[in-house]
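Data block below; observations after.
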Amino acid sequence: MEELTTNVEAEDASVEAEEPVPEAIRTAAESIVKDVVRDSIYTIRHLQKTEAVPGINYPVPNIKWMRCKDFTVFEGLAQIEEYLKTWELHESWLHWTNYISEEELEYSTRYYYRVRWSIPTCRKPIPRATACVYFVIEISKIRPPTLPVEVFFVVETNKLIHRPGESRFKEKWLKDVIESKIIMMETITF
């Protein structure tokens with residue numbers, strides 16, 4: 001800040017040496033510059049508080065997941081619904097969660113769920129596109145049954161695997177999926 005003030009004062013002196021500036025113009029210019037600097041500082045501080053800044057740890061919402069021995073398909077569905085409530089989404093988003101299937105592996109059993117998201121409106125109660133988030137609840141066959149289940153999820157069209165408590169869900173992911181589907185549908189002519 002001091003460097004900026006010094007540079008402005010140096011330029012100010014060189015401009016004054018060339019031709020005199022009326023006091024009213026000088027006062028108005030100083031007022032504008034002070035307002036711009038003050039507003040810029042406020043904006044930067046606000047962005048530092050609201051956006052991810054390297055070195056700052058933001059809490060990632062999570063829930064207490066059930067133990068492996070307590071797992072049922074219905075309880076898994078209830079836990080996913082409870083976890084979805086921790087996501088910071090606009091209230092216009094609606095979802096429907098359903099159980100898809102079970103997969104037996106050598107050392108675990110995986111249970112697959114799908115959460116379908118959309119934003120219906122009065123004008124379009126049936127949305128043009130939806131976005132899905134796929135959850136997997138894994139029950140280990142070799143770990144003690146008193147340990148919690150393993151949970152991870154993937155957003156449709158993405159390959160990145162997210163784990164509750166390790167990554168913060170972003171509403172933009174759902175919007176991107178829906179927008180890409182709508183753009184693709186507009187290119188198809190029948």
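Just so we're clear, the structure is a prediction, and the values are computed from it rather than from any experiment.
Two residues are said to be in side-chain contact when any heavy atoms from C-beta on lie closer than 4.5 Å; Tyr112 and Glu103 meet this criterion. Using a 4.5 Å cut-off on side-chain heavy atoms (C-beta onward), Val115 and Ile80 make contact. Counting only heavy atoms from C-beta outward, the side chains of Arg168 and Pro61 approach each other to under 4.5 Å. The closest side-chain heavy-atom distance from Phe135 to Val151 is below 4.5 Å. Between Tyr113 and Ile137 there is a side-chain heavy-atom pair separated by less than 4.5 Å. Counting heavy atoms from C-beta on, the side chains of Val73 and Tyr111 come closer than 4.5 Å. Inter-residue side-chain proximity for Ile178 and Ile182 is flagged as met; some heavy-atom pair is nearer than 4.5 Å.
We find the CZ-CD1 distance between Phe71 and Ile139 to be 5.0 Å, quoted to the nearest 0.5 Å. Separation of atoms OG1 (Thr187) and CE (Met184) is listed at 7.0 Å; rounding is to 0.5 Å. Note that SG of Cys132 is 5.5 Å distant from CZ of Arg114, once rounded to the nearest 0.5 Å. How far OG of Ser140 is from CD of Glu150: 8.0 Å, rounded to the nearest 0.5 Å. Taken from NZ in Lys64 to CD in Glu82, the straight-line distance is 11.0 Å, to the nearest 0.5 Å. To the nearest 0.5 angstrom, Lys85 atom NZ is 10.0 Å from Ile63 atom CD1.
Ion pairing between a basic and an acidic side chain is recognised when a charged N comes within 4.0 Å of a carboxylate O; Glu179 and Lys172 show no such pairing. One finds a salt bridge joining Arg26 and Glu30 here, because a Lys/Arg side-chain nitrogen approaches an Asp/Glu carboxylate oxygen to under 4.0 Å. A salt bridge is absent between Glu88 and Lys170; no separation between the charged side-chain nitrogens and carboxylate oxygens falls under 4.0 Å. The residues Glu186 and Arg128 are annotated as salt-bridged, a charged nitrogen and a carboxylate oxygen being separated by less than 4.0 angstrom.
The heavy-atom pair separating Ser118 from Thr130 by the smallest distance is CB-CG2, 4.0 Å. What you find for Arg67 and Pro145 is that their closest heavy atoms are CB-O, 3.8 Å. For the pair Thr72 and Glu75, the tightest heavy-atom approach, listed with the atom from each and the gap, is OG1-N, 3.0 Å.
Donor-acceptor pairing under 3.5 Å is recorded for the side chains of Glu171 and Trp93. Side-chain contact, Tyr134 with Glu156: no donor N or O sits under 3.5 Å from an acceptor N or O.
Ring pair Trp87/Phe169 is parallel by interplanar angle, where below 30° counts as parallel and above 60° as perpendicular. Classification of the His95-Trp117 ring pair by plane angle, with boundaries at 30° and 60°, yields tilted.
No donor-acceptor pair closer than 3.5 Å links the side chain of Lys181 to the backbone N or O of Asp176. At distances below 3.5 Å, not a single donor-acceptor pair connects side-chain atoms of Ser31 with backbone N or O atoms of Thr27. No donor-acceptor pair closer than 3.5 Å links the side chain of Ser108 to the backbone N or O of Leu105.
Grouping the Ile, Leu, Val, Met, Phe, Trp and Tyr side chains by contacts below 4.5 angstrom, directly or via other members, places Tyr83 apart from Val136. Residues Leu77 and Val154 fall into different hydrophobic clusters, defined by Ile, Leu, Val, Met, Phe, Trp and Tyr side chains chained together at heavy-atom separations under 4.5 Å.
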Run the side-chain contact (heavy atoms from CB on, under 4.5 Å) test on Thr97 and Leu84 for me, step by step, so that the C-alpha distance in whole Å, both residues' side-chain angles and the decisive distance to 0.1 Å come before the verdict.
CA-CA 10 Å; Thr97 308; Leu84 294 177; 3.9 Å; yes

Going through the distances and angles, do Ile119 and Leu94 end up as a side-chain contact (heavy atoms from CB on, under 4.5 Å)?
CA-CA 6 Å; Ile119 304 179; Leu94 297 179; over 6 Å; no

Would Val149 and Met66 count as a side-chain contact (heavy atoms from CB on, under 4.5 Å) here? Give the steps.
CA-CA 6 Å; Val149 296; Met66 73 187 99; 4.2 Å; yes

Passes side-chain contact (heavy atoms from CB on, under 4.5 Å), Trp65 versus Gln79? Steps please.
CA-CA 7 Å; Trp65 293 90; Gln79 288 254 274; 3.5 Å; yes

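With a 6.0 Å radius and a threshold of 12 heavy atoms from other residues, nucleotides or ligands, Ile126 has its CD1 atom at or below the threshold.
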